[in-house]
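Report on the following structure.
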Amino acid sequence: MVIQLIKSDLYRYSGRTDWRAFLRHYLCNRGFRFTCWLRLASATSTWRKLAYPMYVWQKHRSGIIISPRTPIGYGLYIGHGGPLIINSSARLGENVNLSPYTVIGANNGPAARIGNNVYIGPNCNLIENVYIGDNATIGAGSVVTKNIPANATAAGNYAKVLNYHHPAQFIHNRWPPMAADKT
């Protein structure tokens with residue numbers, strides 16, 4: 001399972017899952033490198049004990065704070081390698097893009113629930129128990145305090161739905177790959 005999660009993350013970065021792509025992105029992309037150690041540290045096996053110290057080191061080195069207990073679907077993409085902070089009570093769906101300086105937090109109760117194929121722009125704050133629907137786009141610098149429906153583009157301080165045009169247009173290399181992508 002953990003290998004499949006890492007492969008899905010790699011596919012989001014490169015559109016491939018071969019060893020050459022893995023080495024290139026592991027060595028050159030700190031977002032992917034952090035994600036690998038996060039996935040291994042969250043595994044329910046002996047990998048956790050071996051990977052946790054490296055995960056902690058990568059967390060401090062990259063400025064990306066995501067707990068291994070945070071439920072995250074397939075195909076996580078961290079743009080530009082962080083920094084970002086995700087509360088451990090948040091839930092992230094599949095094919096989620098996280099941009100730098102994003103904070104998903106909560107003071108009272110659970111943090112946000114993010115649907116599938118969601119793009120969150122740079123410098124966004126998602127406050128408390130909000131729900132971001134599938135295929136939504138959150139614009140740069142937004143402060144989200146209310147639910148955002150599926151297929152919506154929202155932006156602003158406080159975020160408001162701007163339109164429903166081109167849902168999930170910034171989500172590239174979605175996992176699982178379609179049959180046409182496998183050629």
Check whether any side-chain N or O of R48 sits under 3.5 Å from a backbone N or O of A43 as a donor-acceptor pair, and report yes or no.
yes

Between OH of Y164 and CG of L162, what distance do you get to the nearest 0.5 Å?
10.0 Å

Group every Ile, Leu, Val, Met, Phe, Trp and Tyr by side-chain heavy-atom contacts under 4.5 Å, then state whether L76 and I86 land in the same group.
yes

Side-chain donor-acceptor pairs of residues 100-109 under 3.5 Å, sequence neighbours excluded:
residue: T102; atom: OG1; partner: S99; partner atom: O; Å: 2.7
residue: T102; atom: OG1; partner: G121; partner atom: O; Å: 3.4

Is a side-chain donor or acceptor of R30 paired with a backbone partner of G81 at a separation under 3.5 angstrom?
yes

G115 versus Y131, closest heavy-atom pair with distance:
CA-OH, 4.4 Å

N116 side chain to N95 side chain, donor-acceptor N/O pair below 3.5 angstrom:
no

Check H165 against N163 and note the closest heavy-atom contact, atom names and distance.
N-OD1, 3.1 Å

For the OG atom of S8 and the OH atom of Y13, what is their distance to the nearest 0.5 Å?
10.5 Å

If Ile, Leu, Val, Met, Phe, Trp and Tyr residues are connected whenever their side-chain heavy atoms lie under 4.5 Å apart, and connections chain through other members, are W37 and L84 in the same group?
yes

Any heavy-atom pair between the side chains of R113 and N129 that's under 4.5 Å?
yes

When you measure from the side chain of T145 to the backbone of I127, do you find a donor-acceptor pair of N or O atoms at a distance under 3.5 Å?
no

Between side-chain atoms of residues 53-66 and protein atoms elsewhere (two or more places apart, or another chain), which donor-acceptor pairs fall under 3.5 Å?
residue: Y55; atom: OH; partner: I66; partner atom: O; Å: 2.5
residue: S62; atom: OG; partner: Q58; partner atom: O; Å: 2.8
residue: S62; atom: OG; partner: I64; partner atom: N; Å: 3.2

Do L98 and L92 have side chains that approach each other closer than 4.5 Å (heavy atoms only, starting at C-beta)?
yes

Rounded to the nearest 0.5 Å, what's the gap from CG on N29 to NE2 on H80? Could you check?
10.0 Å

Path from Y77 to Y26 over hydrophobic side-chain contacts below 4.5 Å:
yes

V96 versus I72: any side-chain heavy-atom pair under 4.5 Å?
no

What's the spacing between E94 CD and I114 CD1 if we round to 0.5 Å?
14.0 Å

Quick one: does I148's side chain get under 4.5 Å of I138's, heavy atoms only?
yes

Minimal heavy-atom distance between A159 and V144, with the atoms involved, is CB-CG2, 3.8 Å

Decide, yes or no, whether a salt bridge links R20 with D18 under the criterion of side-chain N to carboxylate O below 4.0 Å.
no

If you count heavy atoms of other groups shown closer than 6.0 angstrom to CZ of R24, is the number above 12?
no

Please tell me if the side chains of L40 and L38 come closer than 4.5 Å, counting only heavy atoms from C-beta onward.
no

Please confirm whether F32 and F22 have ring centers closer than 6.0 angstrom.
yes

On a heavy-atom basis, which atom in A111 and which in S89 lie closest, and how many Å separate them?
N-OG, 2.9 Å

Taken to the nearest 0.5 Å, the spacing of L10 CG from N173 CG works out to 10.0 Å

Assess the side chains of N117 and N135: does a donor N or O sit below 3.5 Å from an acceptor N or O?
yes

Would you say that Y74 contacts Q4 through its side chain, given a criterion of any heavy-atom pair below 4.5 Å between the two side chains?
yes

Closest non-hydrogen atoms of A154 and S142, given as atom of the first, atom of the second and distance, are O-OG, 4.0 Å

Side-chain H-bond candidate by donor/acceptor type, N97 with R12, under 3.5 Å
yes

Calculate, to the nearest 0.5 Å, the distance between atoms CZ and OH belonging to R174 and Y11 respectively.
11.5 Å

For P149 and A136, the nearest pair of non-hydrogen atoms, with its separation, is O-CB, 4.1 Å

For V161 and T153, what are the C-alpha separation, side-chain angles and deciding distance, and is it a side chain to side chain contact (heavy atoms under 4.5 Å, CB included)?
CA-CA 6 Å; V161 174; T153 298; over 6 Å; no

T17 (side chain) donor-acceptor with K7 (main chain) under 3.5 angstrom
no

M1 reachable from L50 in the ILVMFWY side-chain graph, under 4.5 Å edges
no

